[in-house]
Structure formats: structure tokens, C-alpha cells
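Structure record follows, encoded as C-alpha cells.
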There are 2 protein chains.
Amino acid sequence: MNSDANTRRKDTRGEISGCALRLFAERGYAAVSMRDIAEAVGVRQGAIYNHFASKQELLAELMTSHLEAVLRAHEAALAGVAGPVARLEAFARFHVGYHLDYPADVFIAYMELRSLEPEGFRRINAMRSRYEGTLRAILAEGAAAGLFSIGDPAVHARALLAMLTGVTVWYREGGRLDRATIIEDYVRATLQSVGLRMPRGGDKECSTQP
Amino acid sequence: MNSDANTRRKDTRGEISGCALRLFAERGYAAVSMRDIAEAVGVRQGAIYNHFASKQELLAELMTSHLEAVLRAHEAALAGVAGPVARLEAFARFHVGYHLDYPADVFIAYMELRSLEPEGFRRINAMRSRYEGTLRAILAEGAAAGLFSIGDPAVHARALLAMLTGVTVWYREGGRLDRATIIEDYVRATLQSVGLRMPRGGDKECSTQP
DNA sequence: TAGGTGAATGAACGATCGTTCACTGGAAGA
DNA sequence: TCTTCCAGTGAACGATCGTTCATTCACCTA
């Protein structure tokens, strides 16, 4: 029963993170109290402070670990992919897929930046800028090579990030459309937005067939 | 001095709306207190209740009047415009332009839906759905006519709305790019995203010139 | 000039906020 | 078996929350 004990061993810290993540995403940082989080975990409010120094640190921790995971996964997804077109497609595919898998993490990282106090804001905003910068670089490279037809690369990068991230706002598991279809739609919109035609021929191109 | 008196006559209700709008947009509904709003207006907190029944009603009022204005302006912008391509361009041009003019209103209407209590939520969400529906109809019509190359029209509509609305997140007056340039970039991205090439020839097409 | 009216005040309310802390209980190491 | 020690408790703190209300004030009408 030793491994069982290890498996079942309560991971209060992890549960606090998970519940706080969900609640912050649902209602917003300011609208969630430490008592709400404690109740969701199944402890009293004092217990949280055995694991996190403050509500603010809890938020910063959630955002930091999320952004570190995003940057790691993002670098892995683009590693070895060469050329602006292929890299843009890989970026879009990764971004939407990751956001479908971790909607709450992403939503918080985008929405609650303003809830961070200056120090945490600077650190976490720098990580976000790094991510945005890689997309901007792809777009600038493609435009310089004459492959993309876009206006300002920085504007287009922000436009695409907003579009791709927006999937978290409406997507719900078990809805009308499956994950793969949604990703393909967003990838298509992304590639076409820079003036490309579809990556591959016209399979499943038709939009009106049921 | 009569007209002067009328002109200078204090419009406390209007000032409360304006300050609340700005503060809600900056910090979020839950993070702004009635005392914060009162201080911004220059009155004590009790005075607000002479004009609004509650904080919740104040939020609902802001969102309702904004959405009514958007729907009115949107219908005017699309009136008489025929054909999916022209209508899509008009939609994108209107949406970005309006959002550049009223970023705080728009930001609140998108972000604070979850802060509304059930009744207000239903009413205001219905208005938002109406707006989204007109874009979805344009896309479906264009796809059915074989003009647009898109996946699911509902997905693409949400993708475009997220992209176009995202301009409010980063745009600041007096920045590097002027209003007209930004609008053109977003219009181009929108039209190209459905598989169209640029609306008009190649003037100011180059993306790398300074 | 007297009376009426709507807006602003400022103190107060009960509730809830983030946070602290002396304590308790139970499992791990000696 | 005894000791140690961390995690959890539950009450309490000062502050702040949305809201109320008796009162005061300034202005319009008659």
C-alpha cells in the first residue's frame, strides 16, 4: 500500500492551484475570495497561507507556471520547422491546440495581467512579449521575402494572436465541432490572412456541405 | 447667460457614467468601488445612488447604452451595401473604426458580461448575439456563393470578431501608427482571411517600407 | 420673498475582504 | 514509544465593501 499511499497522498498545494485557476477564470481575480478558493479545495481559509504567501503570489504563480509551460511547448512545436509559411502554420496549429487544452490558464494570463502588482506584471509581461515577438518575427520575415501580403507586422501579429486566443472564449468540450475541425479552421484563417491560399489542395474546402 | 448656464449645468449622471466606464475598463468591475467612482467624479459615494439604483444597474446601463449605439451605428454603416464582399469589408471597417473610437465601452461589453446578474446578462447577451449573427450571415452567404474559402461560418465569425475587437487591447492614441493605417491593416487581414486578395490593386501594399 | 424640490452630504450599517496567529492533531524519524 | 514538525483549524484583526438615510444645501417657481 506504499505506492498507493503516495498516489493518494493529498497534494493540497496542487489542489489550491487548480481550484484558484478555475475560479479566477470563471469570475475574475478580484471577484474570488480566499474563502471561495478554500471552500472549493475543502479546507479553511487559513490553510492556503501554508502554501502561498498571499492571494497576489497565488495569481503570479499561476501565470508564471502557465507562461513557462507555453514557452517551452511553443519552442518544441517550432523546433526544426523552417521557412515563414511552415512556421506560421506550425505557430497557429500549436497556439490553438494549446489553448483548447488549457483554456483557463490562457484566459487568466490574458485577462488578469492588470491584476498583477508592478513587479509581477513586469516579469510576466516580458514573457508574453517574448511569445508575441516570435510571431512578429515570422510575419516580418515572410513579408520581407515577399511571401506574405500584410500591413504592419506588429499589427498583424496582435490581430492574429487575438483571433487565435479568442477560441478560449467560446469553445466548450462536447460542442458541435470537434477539436481537429476547429484547429483547421483557425489555421486556414491564419494562413489566408497573410495572403496565402490553402496549404494543401482543396480537400474539405467546401464550407456549405453538412 | 442663460444658454451659458445650460451649457455649464452639471451633468452628474453623465459624469458618473463616464468615470465608471473608464474605471471599469481599467481595473475591472469587481476591482472598482463606488467610492472610487465617486472620488473620480468629485462627489461622495452617497450621491451616486441619486442617479443609479446600484452598482449592478450602473454596469448594466453602461453596457446597454453602448450596445444600442453599436447596433445603430452598425446598421447605418451596412445600410445599402450589397454583396458579401462589400458587406464584409464594410463590417470590418466599421467595427475597427468604432472600437478605436470607443475602446473602453467595447472592452467592458466584452469583458464584464460575466459580472452581470442573470437578468441583465440575458438581455445584453442577446444584443451581442444579434451583432455576431450579422457577421455570420455575411460569411455564410459568401461561402454559399463560392466567394469565400472558409471553414465553419460560426467559427470564422468568432475568429474575426476576436481579431477585430482585439485592437482595443493594445491601441493607444498618439502611438506609432495612425488610425487609418490600422484600419486598413485589419480590413486587409479580414478580407484575406476568407481567401480574397486585396480589395483594390496594390497601392500601399508593401509591408517593409518605413 | 416664501415654499418646494432634487441633489449632495457624511455618518453609519452589516457583510465580507485579505491576512494573522495561537492551537491542535497526526504522521514520520529517532 | 517518544519526539518533532508541518499542515490544518477557527477565531479574530482592521480595512473596505455596497448600500441606506436623516439632514443640509442650492436653485427654480410662484
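Order of the sequence lines sets the chain letters (A, B, ...), proteins ahead of strands, with each chain counted from 1.
- Here A:His51 reaches the OP1 or OP2 of D:dG8: one of its side-chain N or O atoms lies under 4.0 Å away.
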- [ ] With side-chain hydrogen bond (donor to acceptor under 3.5 Å, both in side chains) as the test, would you mind laying out the steps for B:His51 and B:Ser17 before giving the verdict?
- [x] CA-CA 10 Å; B:His51 303 277; B:Ser17 289; over 6 Å; no
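- Regarding A:Asp11, its CG atom lies at a distance of 10 Å from the P atom of D:dG8, rounded to whole Å.
- Atom C1' of nucleotide D:dA12 and atom CZ of A:Arg35 are separated by 10 Å, given to the nearest angstrom.
- Rounded to an integer number of Å, the gap from CG of A:Leu58 to C1' of C:dG18 is 12 Å.
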- [ ] Might you work through the side chain to side chain contact (heavy atoms under 4.5 Å, CB included) test for B:Leu67 and B:Arg130, ending with a clear yes or no?
- [x] CA-CA 10 Å; B:Leu67 277 166; B:Arg130 238 181 82 200; over 6 Å; no
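- Using a 4.0 Å cut-off between a side-chain N of Lys or Arg and a carboxylate O of Asp or Glu, B:Arg93 and B:Glu184 qualify as a salt bridge.
- Nucleic acid contact for A:Val32: sugar-phosphate only, since backbone atoms but no base atoms lie under 4.0 Å from a heavy atom of the residue.
- Whole-Å rounding puts the A:Met34 CE to C:dC17 C1' distance at 11 Å.
- Shortest non-hydrogen contact noted between A:Arg114 and B:Ala25 is NH1-O, 3.1 Å.
- Distances shown here put every side-chain N or O of A:Ser54 at or beyond 4.0 Å from the OP1 or OP2 atom of C:dG18.
- The distance between atom OH of B:Tyr49 and atom P of C:dG10, rounded to the nearest whole Å, is 17 Å.
- Between A:Ile48 and B:Asp36, the residue anchored nearer the 5' end of DNA chain D, judged by the nucleotide with its closest heavy atom, is A:Ile48.
- Residue B:Phe148 comes nearest to B:Leu139 through the heavy atom pair CD1-O, 3.7 Å, listed as atom of the first residue, atom of the second, then distance.
- Under 4.0 angstrom from either OP1 or OP2 of C:dC17 there lies at least one side-chain N or O belonging to A:Ser33.
- Taking atom CD of residue A:Gln56 and atom P of nucleotide C:dC17, one finds them 17 Å apart after rounding to whole Å.
- Of the candidates C:dG18, D:dG8, C:dA8, the closest approach to any side-chain atom of B:Ala47 belongs to C:dA8.
- Nearest nucleotide to the side chain of B:Arg44, out of D:dT19, D:dG8, C:dG10: C:dG10.
- Interface remark: the A:Asn50 side chain does form a donor-acceptor pair with the D:dG8 base, using a distance-only criterion of under 3.5 Å.
- Taking atom CD of B:Gln45 as the reference point, atom C1' of C:dA12 lies 10 Å away to the nearest angstrom.
- Note: CG (A:Leu59) to C1' (C:dT19) measures 17 Å, nearest angstrom.
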